[in-house]
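The figures here come from the full heavy-atom set of this structure, side chains too, leaving out hydrogens, waters and symmetry mates. Numbering starts at 1 and runs along the sequence shown. Everything numeric here is computed off the predicted structure, so don't read it as measured data.
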Amino acid sequence: MTETQVNQTQQAGLANATSKATLYIVATPIGNLKDITYRAVEVLGAVDWIAAEDTRHTQRLLQALGVNKPLLSLHDHNEQARSQQLLEKLQAGESGALVSDAGTPLINDPGFHLVKLLRQQGVKVVPIPGPSAVITALCAAGLPTDRFSYEGFLPAKKQRRLQVLQTLKNDTRTLVFYESPHRLTESLQAMLEVFGGERQMVAAREMTKTYEQFVSGSVAEVVAYFESHADKVRGEFVLMVMGDVVAEAVCEDEHDALIGALLKQQLPVKQITDIVVELSGQKKKAVYNRVLALKEGSE
Ligand code: SAM
């Protein structure tokens, strides 16, 4: 196939953006309208209806995109009942799209019950990927991204919030939280209390918008920054906290001890690697290199 033919095929794919009896899960911008994807516009323009969290909000987006489609509301309070209606429409051969107010539906937004029901009933569900605050924040924060845990919003009640943070205290993955400006100070204080002041963190604010800002430093420094810049406690936030590197180091020491014991048994490097990978869940290449290094050191 020549490059021109590939392009033509891709364009044809876009022109026939939707199939019948299918629900498209369409991500929309988290601030900057230009972040909408070509495919999202195509799909929104081609489906029979669009289910939206807030129909007035989505109407404004559709107007800006030049799309005119019937809108149906689907929010936390009517999702169960509405899902049944949407299932019937899809089973009757209609195609639909699900959008939320911003970002990717289902990511701290409605849609889970609907998608679960459709999958149970064998209805096709197709993702149309695009913006989501969690990935947008992580990719520019400068914290490790090889492993992370998305935690959504912390609980509103103080005790519960502290309890949740306690369960995450020794997690070695980067932790990602969503937060509103009303609870920012309380959440940062709780992080200070549980994680301590030294841990590195990044607060990403108003991403893709005019006042986009990434505030990085230790938990104590980020807390102090927002205490002395009350005007910045505004807009939408993603809080990211570095994993517990001390716990990780302890794990590594334990692995070294295990590798040492297996080397003493004169097991082959490959077998030791497989055992340690199985027990630790670490990457095979990293474990293999560590086994080799310890073997060479012991010879
Ligand atoms: N579905 C969305 C997604 O894919 O990211 C998340 C919806 S959740 C109800 C809204 C929260 O996402 C906000 O309170 C904030 O924590 C985060 N968020 C959304 N847009 C943001 C932005 N532009 N900058 C920073 N955080 C944002």
Item checked: Spacing of Asp109 atom CG and His75 atom NE2 [to the nearest 0.5 Å] -> 13.0 Å

Item checked: Distance, nearest 0.5 Å, that separates CE of Met201 from CG of Leu143 -> 9.0 Å

Next item on the list: Output the distance between atom CG (Asp274) and atom CG (Leu262), rounded to the nearest 0.5 Å.
Entry: 11.5 Å

Margin query: One pair to check against side-chain contact (heavy atoms from CB on, under 4.5 Å): Val287 and His255. What are the steps and the verdict?
Written below: CA-CA 9 Å; Val287 173; His255 297 153; over 6 Å; no

Next item on the list: Measure from the side-chain N and O atoms of Lys284 to the backbone N and O of Val277, and report whether any donor-acceptor pair falls under 3.5 Å.
Entry: no

Notebook entry, point to check: In terms of heavy-atom contacts, does CG of Asn68 have more than 12 from other residues, nucleotides or ligands at under 6.0 Å?
Noted result: no

Next item on the list: Ignoring hydrogens and angles, tell me if any N or O in the side chain of Thr145 forms a donor-acceptor pair with the backbone of Leu138 under 3.5 Å.
Entry: no

Margin query: Checking the side chain of Tyr288 only, and the main-chain atoms of Lys283 only, is there a donor and an acceptor separated by less than 3.5 Å?
Written below: no

Checklist line | Check: Ser73 and Asn78 side chains under 4.5 Å, non-hydrogen atoms | finding: yes

Next item on the list: Considering non-hydrogen atoms only, spot the tightest contact between Arg39 and Pro127 and give its length.
Entry: NH1-O, 3.8 Å

Next item on the list: Working to the nearest 0.5 Å, report the span between OH of Tyr150 and CD1 of Ile135.
Entry: 10.0 Å

Check: Quick one: does Thr273's side chain have a donor or acceptor within less than 3.5 Å of a partner on Gln271's backbone?
Finding: no

Next item on the list: Kindly determine whether Glu193 and Leu165 satisfy side-chain contact (heavy atoms from CB on, under 4.5 Å), including the steps that lead there.
Entry: CA-CA 9 Å; Glu193 194 173 326; Leu165 289 178; over 6 Å; no

Note to self: Less than 4.5 Å apart, side chain to side chain, heavy atoms only: is that true for Gln163 and Arg160?
What the structure shows: yes

Checklist line | Shortest non-hydrogen separation from Leu44 to Ala97 and the atoms involved | finding: CD2-CB, 3.9 Å

Checklist line | Side chain to side chain, Phe226 and Thr185, heavy atoms closer than 4.5 Å | finding: no

Notebook entry, point to check: How many angstroms lie between atom CG of Leu184 and atom CZ of Phe237, to the nearest 0.5 angstrom?
Noted result: 4.5 Å

Notebook entry, point to check: Side-chain heavy atoms under 4.5 angstrom apart, residues restricted to Ile, Leu, Val, Met, Phe, Trp, Tyr: same cluster for Leu87 and Leu74?
Noted result: yes

Next item on the list: Look only at the side chain of Asp244 and the backbone of Asp171, and say whether a donor-acceptor pair between them is shorter than 3.5 Å.
Entry: no

Note to self: Do Val238 and Phe214 make a side-chain contact, defined as non-hydrogen atoms from C-beta onward lying under 4.5 Å apart?
What the structure shows: no

Check: Ignoring hydrogens and geometry, is there a side-chain-to-backbone donor-acceptor pair from Thr174 to Ser149 under 3.5 Å?
Finding: no

Next item on the list: Just do the side-chain contact (heavy atoms from CB on, under 4.5 Å) check on Ser187 and Arg161 with the steps written out, would you?
Entry: CA-CA 8 Å; Ser187 286; Arg161 191 162 55 221; 4.0 Å; yes

Checklist line | Minimum heavy-atom distance Gly235-Pro181, with the two atoms named | finding: O-CD, 2.9 Å

Checklist line | Heavy-atom side-chain proximity of Arg147 to Thr172 below 4.5 angstrom | finding: yes

Notebook entry, point to check: Shared ILVMFWY cluster between Leu162 and Phe153, side chains joined below 4.5 angstrom?
Noted result: no

Next item on the list: Indicate the atoms forming the closest heavy-atom contact of Asp48 with Pro70, along with that distance.
Entry: O-CD, 3.4 Å

Check: When hydrophobic residues are tied together by side-chain contacts of less than 4.5 Å, even through go-betweens, does Val26 share a cluster with Leu23?
Finding: no

Notebook entry, point to check: Is the backbone of Glu221 close enough, under 3.5 Å, to the side chain of Ser218 for a donor and an acceptor to pair up by distance?
Noted result: yes

Note to self: Tell me if a side-chain donor or acceptor on His113 pairs with a main-chain N or O of Glu79 at a distance below 3.5 Å.
What the structure shows: no

Notebook entry, point to check: Out of curiosity, Lys20 NZ to Leu90 CG, how far, rounded to the nearest 0.5 Å?
Noted result: 12.0 Å

Margin query: Are there over 12 heavy-atom neighbours, none belonging to Glu198, within less than 6.0 Å of that residue's CD?
Written below: no

Notebook entry, point to check: Can you name the closest pair of heavy atoms from Val215 and Val222 and give their distance?
Noted result: O-CG2, 4.0 Å

Check: Side chains of Leu188 and Leu239: does their closest heavy-atom pair fall under 4.5 Å?
Finding: yes

Item checked: Under 3.5 Å: donor-acceptor pair, side chain of Arg205, backbone of Glu212 -> no

Next item on the list: Report yes or no: does Thr58 contribute a side-chain atom to a donor-acceptor pair with the main-chain N or O of Thr55 at less than 3.5 Å?
Entry: no

Margin query: Membership question, hydrophobic clusters at under 4.5 Å side-chain separation (ILVMFWY): are Phe112 and Ile128 in the same one?
Written below: no

Item checked: Residues, nucleotides or ligands: over 12 heavy atoms within 6.0 Å of Lys209 NZ -> yes

Next item on the list: Take Arg82 and His77 through the side-chain contact (heavy atoms from CB on, under 4.5 Å) test and state the conclusion after the steps.
Entry: CA-CA 10 Å; Arg82 183 63 98 190; His77 307 293; over 6 Å; no

Notebook entry, point to check: Linking I/L/V/M/F/W/Y whenever their side-chain heavy atoms sit closer than 4.5 Å, directly or via other members, would Phe195 and Val223 fall into one cluster?
Noted result: yes

Next item on the list: Using a 4.5 Å cut-off on heavy atoms from C-beta on, say whether the side chain of Arg183 contacts that of Leu154.
Entry: no

Notebook entry, point to check: Which atom names give the shortest non-hydrogen contact between Pro144 and Met242, and what distance separates them?
Noted result: CD-SD, 4.1 Å

Next item on the list: Go through the side-chain N and O atoms of Gln189 and Glu227 and say whether any donor and acceptor fall under 3.5 Å apart.
Entry: yes

Check: Any side-chain heavy atom of Leu33 sitting closer than 4.5 Å to one from Leu61?
Finding: yes

